Amino acid sequence: MAGLTDTEWRRIESPFGQPSDELLFGRLGETQLVFLPRHGRGHRLGPSGINYRANIDALKRAGCTDIISVSACGSFREELPPGCFVIVDQFIDRTFAREKSFFGNGMVAHVSMADPVCPRLGDALEAAATESDIFHVRGGTYLTMEGPQFSTRAESFLYRDWGCSVIGMTNMPEAKLAREAEICYATVAMVTDFDCWHDDHAHVDVEAVLKVLHDNAEKAQKLVAATAPKLAGRRAVCAAGCDRALEVAMITAPESREPDVIANLDAVAGRVLR
Ligand SMILES: CSC[C@H]1O[C@H](OP(=O)(O)O)[C@H](O)[C@@H]1O
Ligand SMILES: Nc1ncnc2[nH]cnc12
């Protein structure tokens, strides 16, 4: 990415297994930035094969306070055509074959997902998109399907009827895990296709997705570059409380907590478990 300096790929170890790849550390002006390709370089990993827990844990260990998820998506709305960037504010999770929590037996926690997107990050993305003259929409619901196959036409119509805006295969459980790790999270959904509901457009295929993605890569980089400086001066606390999500979430009594489970949570929940 143009303007990214002091770059270095570094491997981060996680007790939750292998992150998708090494992390690319760099600096964009005053902002420290870390890039993690969620499918690995070369797109080796499918959406169900990504170790989402290891990725979020590694980002936490790397010191990340904010995550901007850049994601290719199908659209359910005429007014969100290919090329449009949607700064979503809600998710529906239809995945079923993924580890979805850092917590469980031995240390149970229930975080709120009522507002899964950090409004401060949403504001920064919206302002950056406006400044950069990028066609975008603020707000929308991202449905996460398991994949790897695309939806049937019946599913596509169902999700439209549910009021969903876009569809992808990765943002859940990513957003849930970011919340558990007390990291602010926001998504830029880059619309690549109309899935398979639209009479006037062919059903989605990978070739079509890649073409739109390539045509929009520069725009996505411009958006990240314009957003980064807005996040440089880290506030003491997140006004929405993303960075304190665990304070009202943990339910297992201290004497019932399992030490080996607690040990793995040193990065994600060390702040509240110490
Ligand atoms: C190549 S189309 C399907 C693929 O694209 C999206 O990836 P990402 O969310 O990482 O941008 C979608 O979720 C699927 O994984
Ligand atoms: N139509 C679609 N469904 C699921 N994931 C996608 N990624 C890009 N387009 C998609």
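All figures in this text were calculated on a predicted structure; none of them were measured in a lab. Note that these values count all heavy atoms, side chains included, but never hydrogens, waters or copies made by symmetry. Atoms within each ligand, like the ligands themselves, are counted from 1 in listed order.
In terms of protein heavy-atom proximity, atom 5 (N) of ligand 2 is nearest to Gly168 CA, 3.5 Å. Closest to atom 9 (N) of ligand 2 among all protein heavy atoms lies Asp193 OD2, 2.6 Å. When only non-hydrogen protein atoms are considered, atom 10 (C) of ligand 2 lies nearest to Gly74 N, 3.4 Å. Ranking the protein heavy atoms by distance from atom 7 (N) of ligand 2 puts Ala72 O, 3.4 Å first.
In this structure, Leu28 and Met1 approach most closely via the heavy-atom pair CD2-CE, 3.8 Å.
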Atom pairs, nitrogen or oxygen, ligand 1 to protein, under 3.5 angstrom:
| from | atom 1 | to | atom 2 | distance (Å) |
| --- | --- | --- | --- | --- |
| ligand 1 | 7 (O) | His39 | NE2 | 3.4 |
| ligand 1 | 9 (O) | Thr170 | OG1 | 2.5 |
| ligand 1 | 10 (O) | Arg38 | NH1 | 2.9 |
| ligand 1 | 10 (O) | His39 | NE2 | 2.6 |
| ligand 1 | 11 (O) | Ala72 | N | 2.8 |
| ligand 1 | 13 (O) | Met169 | N | 2.7 |

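If you look at Phe102 and Phe16, their ring centroids are closer than 6.0 Å.
Looking at Arg179 and Glu174, no side-chain N of the basic residue comes within less than 4.0 Å of a carboxylate O on the acidic one, giving no salt bridge. The residues Asp123 and Arg138 are annotated as salt-bridged, a charged nitrogen and a carboxylate oxygen being separated by less than 4.0 angstrom. With respect to Arg160 and Glu78, no salt bridge is recorded, no charged nitrogen being found less than 4.0 Å from a carboxylate O. Ion pair Asp266/Arg61 flagged as a salt bridge, since at least one NZ, NE, NH1 or NH2 atom sits closer than 4.0 Å to an Asp/Glu carboxylate oxygen.
Contacts between Ser151 and ligand 2 below 4.0 angstrom, taking non-hydrogen atoms only, are absent altogether. Counting heavy atoms closer than 4.0 Å to ligand 2, residue Ile167 contributes atoms from both its backbone and its side chain.
Relative orientation of the Trp197 and Phe194 rings is perpendicular, given thresholds of 30° and 60° on the angle between their planes.
Which parts of ligand 2 touch Asp195 is read off a 4.0 Å heavy-atom cut-off, strictly below it: atoms 1 (N), 2 (C), 3 (N). Of all the atoms in ligand 2, the ones that sit under 4.0 Å from a non-hydrogen atom of Thr192 are 8 (C), 9 (N).
Connection of Val191 to Leu125 is not established within any shared hydrophobic cluster, with ILVMFWY side chains joined at heavy-atom distances below 4.5 Å, either directly or through further cluster members.
At under 3.5 Å, not a single nitrogen or oxygen of Phe150, backbone or side chain, sits near a nitrogen or oxygen of ligand 2.
Between the side chains of Tyr159 and Arg94, at least one donor N or O lies within less than 3.5 Å of an accepting N or O.
Applying the salt bridge (Lys or Arg N to Asp or Glu O under 4.0 Å) test to every pair with at least one member in residues 7-18, sequence neighbours left out, gives these pairs: Glu8-Arg10.
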